[in-house]
Number of protein chains: 2
Amino acid sequence: MTDETHSPHMISRRLESIFPITDEESQAFKELPVQVVALKADRDIVSIGDRPHQCCMVLEGFTCVYKLSQAGKRQIMALHLPGDIPDLQSLHLAVMDNSIATISPCTVGFIQHADLRRICECYPRLASALWRETLVDAALMREWLLNIGQRDSFTRTAHLLCELQMRLRAVALINGPAFDLPITQEQMADAVGISTVHMNRVFQALRARSLIKRCKSEVTILDWQELQEAGEFEPHYLHLREAVA
Amino acid sequence: MTDETHSPHMISRRLESIFPITDEESQAFKELPVQVVALKADRDIVSIGDRPHQCCMVLEGFTCVYKLSQAGKRQIMALHLPGDIPDLQSLHLAVMDNSIATISPCTVGFIQHADLRRICECYPRLASALWRETLVDAALMREWLLNIGQRDSFTRTAHLLCELQMRLRAVALINGPAFDLPITQEQMADAVGISTVHMNRVFQALRARSLIKRCKSEVTILDWQELQEAGEFEPHYLHLREAVA
DNA sequence: CGTAGACTTGAAGTCGTTCAACGGGTGTGG
DNA sequence: CCACACCCGTTGAACGACTTCAAGTCTACG
């Protein structure tokens, strides 16, 4: 909530990871006024039914998109990392059809819709880049739908871990096999659509097969190849510009 | 494959159902060159891995977006009706991360990416309308994710029926409680993520509770109120301009 | 008239849920 | 500094929803 300068870097890095933009366009982004805010874990950033006049960019931490069933069960339909804009849709969809919350303590940056619209008019390629962002979000949701609809809980979980690892790499937040994953088993369970108790057992199975190791909030992938196979993970759907080895 | 004139009407009607556009913009759409093709049921229109140079607009019939798991199980992640553009994403995402197939016999219209890009440049509001289209598609997927991840099979199926009824109404394809739903139980099962056998039992339960009636490919909703409650259906996520009673 | 595809049925089996309880670490207030 | 509370992770056992297999019926269509 202090350093306002690293935020535009964040977003342009994310955009560039999936779409080539020029220096001038990148620069335009960096000059956008951003209101930076720090938030505790498990707080709503935007709630279903809201009519926001701004978008929220993740700067630090993890956020999630979620909805509740009538029984009060929560389905997480996306996880967002630094550089992502979880509610970019609100630029064209007046009322939120989902909530967005922090998974871990976060700092986020708010950008006014008006500013985004203006920049989209001046730089049509940036508009395309943002459009593309929302399309990649949708592509991830399709994969999650396949995951939840057709794969068993073990495969689903392995798949999610692979996805997170690769996305974190793509924005250069990690480079080795270990990374910080400040997310509880309950939140993981909500993301793959199983119960907390069962998520715990899946984690045990993953450890038993020596696929991962977990120590506090740090996850280490012990066998990337095996984990990918266990999770039926094919990274094409991430639409990254360059394949990450 | 014969009448090329009704197709642009179709798309503009769909766009207008969620976004106000001017006559001039609507006109621009109607002048787009469209290649109309008739297809049998259960045929791929675009396949995963393709790099299409055109988009496909549904003119008659139903299409679906799907992916296969390694075990060969199919998850349908969206159903598209006349007026929809199932692969609009391909405008900005070079390679398809999903396949698109016909559910029933269909006629579809292909529009070149180049033409769409041109019209987006000339009419930025149309570009926004198309962007919005893809965002609504994503909103539907979020609801499907909630449906499949957190609701039981009975609720899921009721929900899907409500959604289809309301979307068909929104484009004025139906007005009464009965409508043509040329889709097999197997396809329905793939859409809600359950087995064919179980889908059959869910249908029996829906009939036993007098919520729906099915005769050939025609579905009649006997109690709209009850079906909505049974499916936990709240239509906000469809982002229709006007609530349909 | 025969065949293929869609729908239907029963029974057995599996995966995941639910309930209930306990352990361990961490932070907070007395 | 200790005690307590809380959250997270863990465990066992019973239950339930859905799957799978296998067979049989119905209808449409060539």
Side-chain angles (χ1 to χ4, degrees), chain A residues 40-43 62 69 71-76 101-105 147-161 180-208 212-219 230, chain B residues 40-43 62 64 69 71-76 101-105 147-160 180-208 212-219 230:
Chain A
K40 295 186 181 168
D42 251 306
R43 294 283 190 283
F62 288 56
S69 75
K73 294 183 172 185
R74 174 165 87 154
Q75 177 64 43
I76 292 178
T102 56
I103 286 281
S104 60
N147 216 22
I148 291 176
Q150 302 297 344
R151 304 205 256 241
D152 65 36
S153 57
F154 184 84
T155 313
R156 285 185 219 184
T157 307
H159 189 282
L160 178 56
L161 289 170
D180 194 49
L181 191 62
I183 183 172
T184 66
Q185 290 186 1
E186 186 178 5
Q187 292 164 333
M188 283 285 275
D190 287 348
V192 297
I194 64 178
S195 67
T196 308
V197 170
H198 199 56
M199 182 80 265
N200 183 273
R201 293 183 171 129
V202 169
F203 260 105
Q204 290 177 40
L206 284 164
R207 286 191 299 246
I212 66 161
K213 193 172 72 177
R214 196 155 200 217
C215 179
K216 310 230 179 192
S217 75
E218 188 182 84
V219 172
Chain B
K40 294 186 182 169
D42 250 306
R43 293 284 189 282
F62 287 56
C64 70
S69 76
K73 294 181 172 187
R74 174 165 86 155
Q75 178 64 43
I76 291 179
T102 55
I103 287 281
S104 59
N147 216 22
I148 291 176
Q150 302 297 342
R151 304 205 257 241
D152 65 34
S153 58
F154 184 83
T155 313
R156 282 185 220 185
T157 307
H159 189 283
L160 178 55
D180 195 49
L181 191 64
I183 182 173
T184 66
Q185 291 186 0
E186 186 178 5
Q187 292 164 333
M188 282 285 274
D190 288 348
V192 296
I194 63 179
S195 67
T196 309
V197 170
H198 198 59
M199 182 79 266
N200 182 272
R201 291 181 173 129
V202 169
F203 260 105
Q204 290 176 41
L206 283 164
R207 285 191 298 245
I212 65 161
K213 193 172 72 177
R214 194 154 202 219
C215 178
K216 311 231 180 191
S217 76
E218 187 183 83
V219 171

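Treat the numbers as computed from the prediction; the structure is a model and nothing was measured.
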Heavy-atom pair with the smallest gap, counting every atom of A:Ala230 and A:Phe154: CB-CE2, 4.0 Å
Between D:dG9 (P) and A:Lys213 (NZ): distance, integer Å: 18 Å
Kindly give the heavy-atom pair with the smallest separation between B:Ile183 and B:Arg214, and that separation in Å. O-NH2, 3.0 Å
Pair up each side-chain donor or acceptor in residues 196-203 of chain B with any protein partner under 3.5 Å, not counting sequence neighbours, and list the distances.
residue	atom	partner	partner atom	Å
B:His198	NE2	B:Ser153	OG	3.1
B:Asn200	OD1	B:Gln204	NE2	2.5
B:Asn200	ND2	B:Gln185	OE1	2.9

Please list, chain by chain and in numerical order, all residues satisfying side chain to side chain contact (heavy atoms under 4.5 Å, CB included) with B:Thr155, sequence neighbours excluded. B:Arg151, B:Asp152, B:Glu232
Residues in side-chain hydrogen bond (donor to acceptor under 3.5 Å, both in side chains) with B:Ser69, at least two apart? none
Let me know the distance between NZ of A:Lys40 and P of D:dC6, rounded to the nearest Å. 16 Å
Not counting sequence neighbours, which residues clear side chain to side chain contact (heavy atoms under 4.5 Å, CB included) with B:Pro105? List them please. B:Ala41
Can you check nucleotides 7-10 of chain C for protein contacts, nitrogen or oxygen pairs under 3.5 Å, and list what you find?
residue	atom	partner	partner atom	Å
C:dC7	OP2	B:Gln185	N	2.9
C:dT8	OP1	B:Arg207	NH2	3.3
C:dT8	OP2	B:Gln185	NE2	2.8
C:dT8	OP2	B:Asn200	ND2	2.4
C:dT8	O5'	B:Asn200	ND2	3.2
C:dT9	OP2	B:Gln204	OE1	2.9
C:dT9	OP2	B:Gln204	NE2	2.9
C:dG10	N7	B:Arg201	NH2	2.5

Nucleotide D:dA17, atom P - distance to NZ of A:Lys73 in whole Å: 11 Å
Rounded to whole Å, the CD1-P distance (A:Ile148 to C:dG16) equals 13 Å
If only side-chain N and O atoms of A:Ser153 are considered, is one of them under 4.0 Å from the OP1 or OP2 phosphate oxygen of C:dG16? yes
Extract from the structure each pairing of a protein N or O with an N or O of nucleotides 26-30 of chain D at less than 3.5 Å, listing the distance.
residue	atom	partner	partner atom	Å
D:dA28	OP1	B:Lys216	NZ	2.8

When every non-hydrogen atom of B:Leu160 is compared with those of B:Met188, the smallest separation belongs to CD2-SD, 3.7 Å
For B:Asp180 and B:Glu218 the tightest heavy-atom approach is OD1-N, 4.2 Å
Given atom CE of A:Met199 and atom C1' of D:dC8, what is their separation to the nearest angstrom? 14 Å
Round to the nearest Å and state the distance from A:Met188 atom CE to C:dG16 atom C1'. 17 Å
Check whether any side-chain N or O of A:Ser217 sits under 3.5 Å from a backbone N or O of A:Leu181 as a donor-acceptor pair, and report yes or no. no
Whole angstroms only, please: what is the CG-C1' distance between B:Asp152 and D:dT19? 16 Å
Distance, rounded to the nearest Å, where A:Ile194 contributes CD1 and D:dC18 contributes C1': 16 Å
